[in-house]
Amino acid sequence: MLGRVEHTAYVEQVLAVVEAIPPGRVMSYGDIAEYVGEGGPRQVGRVMSEFGGGVPWWRVIRTDGSPPPSHEGEGLQRLRAEGAPLRPGGQRIDMRAARWEGPVAPR
DNA sequence: GCAATGACTGGTA
DNA sequence: TTACCAGCCATTG
């Protein structure tokens, strides 16, 4: 099975971080890219579009607090159900409070 | 090898 | 606040 475009080291790292995001918290594509220390936000987004079906992709949003344009309402509804801090209006996430630094709790 | 595309980001208008 | 532009990085044609 070499040659298959399956789970590579990079993909596994990205998925691992996404799965590690606790309920009510979110991470931006750039944050994940920086956390794994490779590629960029676009690569993370590409991985999500291909393998995001097996992880809580709705916890991965843009820096402006908006979920992926392809699943805007879907992800927003999921986050709201988990108790994520929504901004007044309930159309975006309060990144300032919902942003998660990683497996280590910042404080 | 070059050009186009994309689940992005930051800055300026 | 929203809208548009340029930059970044890997994959695809």
Side-chain angles (χ1 to χ4, degrees):
Chain A
M1 310 145 126
L2 304 175
R4 259 196 343 187
V5 193
E6 295 290 321
H7 293 175
T8 62
Y10 182 67
V11 173
E12 263 196 50
Q13 285 179 97
V14 173
L15 297 180
V17 175
V18 176
E19 287 191 89
I21 301 175
R25 297 287 181 187
V26 297
M27 282 185 82
S28 67
Y29 294 93
D31 285 357
I32 295 173
E34 188 179 349
Y35 184 82
V36 301
E38 291 185 34
R42 306 205 74 119
Q43 271 47 283
V44 175
R46 203 175 97 71
V47 172
M48 298 298 290
S49 66
E50 290 282 38
F51 305 98
V55 297
W57 52 263
W58 53 87
R59 290 176 189 157
V60 184
I61 61 179
R62 294 173 54 158
T63 57
D64 64 343
S66 300
S70 299
H71 301 285
E72 185 177 3
E74 189 76 23
L76 207 52
Q77 192 176 314
R78 297 265 191 191
L79 291 167
R80 193 167 75 147
E82 294 185 346
L86 291 173
R87 282 184 86 193
Q91 307 188 40
R92 278 192 237 172
I93 299 296
D94 185 352
M95 274 301 270
R96 193 181 47 154
R99 200 174 193 185
W100 190 55
E101 301 283 339
V104 295
R107 202 168 8 92

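Order of the sequence lines fixes the chain letters, A, B, ..., with proteins taken first and strands second; residue numbering starts at 1 for each chain.
Residues A:Ile21 and A:Pro56 are not in side-chain contact: their nearest non-hydrogen atoms beyond the backbone lie 4.5 Å or more apart.
Taking the six-membered ring for Trp, A:His71 and A:Trp57 have ring centres closer than 6.0 Å.
Atom P of nucleotide B:dA7 and atom CD1 of A:Ile93 are separated by 20 Å, given to the nearest angstrom. In this entry the distance linking CD1 of A:Ile32 with P of C:dC9 reads 18 Å, nearest Å. Rounded to a whole Å, the CE atom of A:Met27 is 16 Å from the P atom of B:dC8. Look at CD on A:Gln13: it is 14 Å from P on C:dA10, rounded to the nearest Å.
Among all heavy-atom pairs drawn from A:Gly24 and A:Pro85, the shortest one is O-CD, 3.6 Å.
When the nearest nucleotides of DNA chain C are assigned to A:Arg92 and A:Gly39 by heavy-atom distance, the more 5′-ward of the two goes with A:Arg92. Comparing A:Gly40 and A:Glu50 by the nucleotide of DNA chain C whose heavy atom lies nearest to each, the residue mapping closer to the 5' end is A:Gly40.
Under a 4.0 Å N-O distance rule, the pair A:Arg59/A:Glu82 qualifies as a salt bridge.
Nearest nucleotide to the A:Gln43 side chain, out of C:dC9, C:dT12, C:dT2: C:dC9. With C:dT1, C:dT12, B:dA7 as the candidates, the nucleotide lying closest to the side chain of A:Arg46 is C:dT12. Closest to the side chain of A:Met48, from the set B:dA7, C:dC9, C:dT2, is B:dA7.
Heavy atoms of other residues, nucleotides or ligands lying less than 6.0 angstrom from CD of A:Glu19 number more than 12.
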Using atom names, set out every protein N or O paired with an N or O of nucleotides 9-13 of chain B below 3.5 Å, distance rounded to 0.1 Å.
| from | atom 1 | to | atom 2 | distance (Å) |
| --- | --- | --- | --- | --- |
| B:dT9 | OP2 | A:Thr63 | N | 3.3 |
| B:dG10 | OP2 | A:Thr63 | OG1 | 3.3 |

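Among the protein residues, A:Arg87 comes within range of the sugar-phosphate backbone only, with heavy atoms under 4.0 Å from sugar or phosphate atoms but none that close to a base.
Rounding to the nearest 0.5 Å gives a distance of 12.5 Å between CG of A:Asp94 and CG of A:Leu79.
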